[in-house]
Amino acid sequence: MAEKITLSVIKADVGGYVGHSSIHQNLLDVAKERLSKAKDSGMIVDFHVTRVGDDLELIMTHERGVDNEEIHQLAWNTFVAATEEAKRLKLYGAGQDLLSDAFSGNIKGMGPGVAEMEFVERKSEPVIVFMADKTSPGAWNLPLFKMFADPFNTAGLVIDPTMHEGFNFDVVDVYGHKAITLSCPEEMYDLLMFIGAMRRFMIRRVYRKDGEICAAASTQKLSLIAGRYIGKDDPVLIVRCQSGMPAVGEALEPFAFPHIVEGWMRGSHHGPLMPVPFYEANPSRFDGPPRVIAAGFQITNGHLIGPRDLFDDPSFDRARQLANEIGDYLRTHGPFEPHRLGLDDLEYTTMPQLMKKLEDRFRPE
Ligand code: 13P
Ligand code: 13P
Ligand code: MG
Ligand code: MG
């Protein structure tokens, strides 16, 4: 087996059941069948198919590196096949995230969300794949900062000499089409200035100072690709754990605080990000509140041993309860900000149409 292994997490909403609340078993079955064949043929080493809310998640290991055309094509074809089944069942928004008719070499920019990393498997390789629904990629900024830069969250930053040096954060400006790498703890305040504005600046990757990759997040924004609102870019995140990286519990700890993210109802409202076990990842109330699941794996000779359902733990009950309370509070605002997103975010919804319709009725003031 080659020295390096690639972990690719590629996701798309190809049809909701019922509405946007969950996924139909047939779509999971279609995806499993496709990836099974790819595994048998040796194209991928291993895979796990799952879902959060209405998002179909393909977790794959292989030896082809990141941005590999065949792997992206495999994911694309899998989503197309699942879409066919979604159309047959007339599931809601069938093919929602597939913005193109034909695959064009790299699945990024075509609708699906992608998080990938390549590394040499360590003596033991625990990883967590976080997957969220009814939110958007900026949702990972706060938890990633806490995991890799906040000593009140991650004891290892203080206690573990191999973490003491801190981490580098690769931040992308999704509107400016630029990226910057900032080093923590030295440039922590600079970093926070950017990533606190999570609509625009997103942590894409985190590296140890020796260059070892620790985390990779999807940063695809559907509205920016499509130029209009067509559903939210529900994101994924991979975090490697232990031995010079955050312990599993340190990577989970930020989610004990259900922070406010965008993406609830019609992608147009703020709500708390609720950490849930797999079986509770069905956002129903007002199509939410936003959910996150955590699938833990040991990667062993490229194989995915797992998943363990890491939020299936009563120690996250309080976070869920708080999320419900915050949900009640925000819902009481109805169509008012800050429950509803600000105007900039509504640009891609029906706001421009409404403006156009009422254009003539605006008087100078
Ligand atoms: P163990 O002693 O169970 O290996 O735990 C070590 C640790 O770092 C837990 O956070
Ligand atoms: P999804 O982005 O999960 O499809 O949700 C869209 C929506 O409008 C929910 O109200
Ligand atoms: Mg949907
Ligand atoms: Mg979704």
Side-chain angles (χ1 to χ4, degrees), residues 9-28 31 49-59 75 79-80 82-83 85-87 89-99 110-115 129-140 199 217-237 260-276 278 280-293 295 327 330-331 333-335 339-341 345-351:
V9 182
I10 308 185
K11 53 82 40 184
D13 175 349
V14 294
Y17 168 69
V18 170
H20 291 283
S21 65
S22 193
I23 205 163
H24 195 282
Q25 182 63 39
N26 287 12
L27 305 196
L28 298 167
V49 171
T50 188
R51 58 95 212 177
V52 57
D54 58 4
D55 289 278
L56 179 57
E57 315 274 349
L58 313 179
I59 303 170
F79 292 138
V80 168
T83 297
E85 181 60 11
K87 283 186 175 155
L89 295 171
K90 290 177 66 179
L91 298 178
Y92 196 71
Q96 176 177 287
D97 285 359
L98 307 187
L99 302 184
M110 299 183 69
V114 184
V129 180
F130 292 96
M131 296 158 269
D133 188 32
K134 306 299 177 265
T135 183
S136 76
W140 304 129
R199 287 185 54 238
S218 64
T219 52
Q220 287 74 36
K221 288 263 264 189
L222 276 181
S223 58
L224 287 182
I225 300 166
R228 66 191 159 84
Y229 177 74
I230 44 143
K232 217 55 187 175
D233 6 72
D234 300 314
V236 290
L237 166 68
I260 306 268
V261 298
E262 60 174 60
W264 200 351
M265 183 49 85
R266 298 169 187 274
S268 305
H269 293 79
H270 286 111
L273 185 63
M274 183 189 268
V276 289
F278 300 161
E280 287 180 346
N282 307 298
S284 308
R285 180 188 177 188
F286 199 55
D287 288 0
R291 302 298 152 104
V292 57
I293 59 171
L330 285 172
R331 280 299 305 119
H333 291 73
H339 183 29
R340 201 182 72 183
L341 299 192
D345 287 293
L346 294 183
E347 245 171 64
Y348 289 108
T349 65
T350 50
M351 185 66 181

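Remember, it's 1-based here, ligands and their atoms both numbered in the order they're listed. Computed from heavy atoms alone, side chains included, the values below leave out hydrogens, waters and symmetry copies.
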- Give the single entry among H269, Q96, R291, R266 that approaches atom 8 (O) of ligand 2 most closely by any heavy atom. R266
- Verify, without hydrogens or angle tests, whether D234 (side chain) and D133 (backbone) share a donor-acceptor contact under 3.5 angstrom. no
- Item | Under 4.0 Å to a heavy atom of D234 - the qualifying atoms of ligand 2, by number | 1 (P), 2 (O), 3 (O)
- If you count every protein N, O or S atom closer than 2.8 Å to the Mg ion (ligand 3), you should arrive at 3
- Message: Taking the basic N atoms (NZ, or NE/NH1/NH2) and the acidic carboxylate oxygens, is any pair closer than 4.0 Å for K134 and D54?
- Response: yes
- Hey, which atoms in ligand 2 end up nearer than 4.0 Å to a heavy atom of D54? 1 (P), 3 (O), 4 (O)
- In terms of heavy-atom contacts, L58 and A31 come closest through CD2-CB, 4.0 Å
- Item | Results of side-chain contact (heavy atoms from CB on, under 4.5 Å) for V80 - residues two or more places apart only | W76, E84, L98
- Item | Where the Mg ion (ligand 4) is the vertex, angle from D234 OD2 to D133 OD1 to 10° | 80°
- Item | Donor-acceptor contact present, side-chain Q220 to main-chain D233, <3.5 Å | no
- Item | ligand 2 contact on H20 by region, counting heavy-atom pairs under 4.0 Å | side chain
- Within 4.0 Å of some non-hydrogen atom of M265, the atoms of ligand 2 are 10 (O)
- Task: Return yes when atom CZ of F278 has more than 12 non-hydrogen atoms of other residues, nucleotides or ligands closer than 6.0 Å, and no otherwise.
- Result: yes
- Please name all residues satisfying ring pair (Phe, Tyr, Trp, His ring centres under 6.0 Å) with W264, sequence neighbours left out, ordered by chain then number. F286, H339
- Atoms of ligand 2 close to D133 [distance to a heavy atom under 4.0 angstrom, numbered from 1]: 3 (O)
- Message: Going by the rule side-chain contact (heavy atoms from CB on, under 4.5 Å), which residues pair with A86 if we only count those two or more places apart in sequence or in a different chain?
- Response: L27, L91, A94
- Let me see the working for R51 and S22 under side chain to side chain donor-acceptor pair (under 3.5 Å), right down to the final yes or no. CA-CA 8 Å; R51 58 95 212 177; S22 193; 3.2 Å; yes
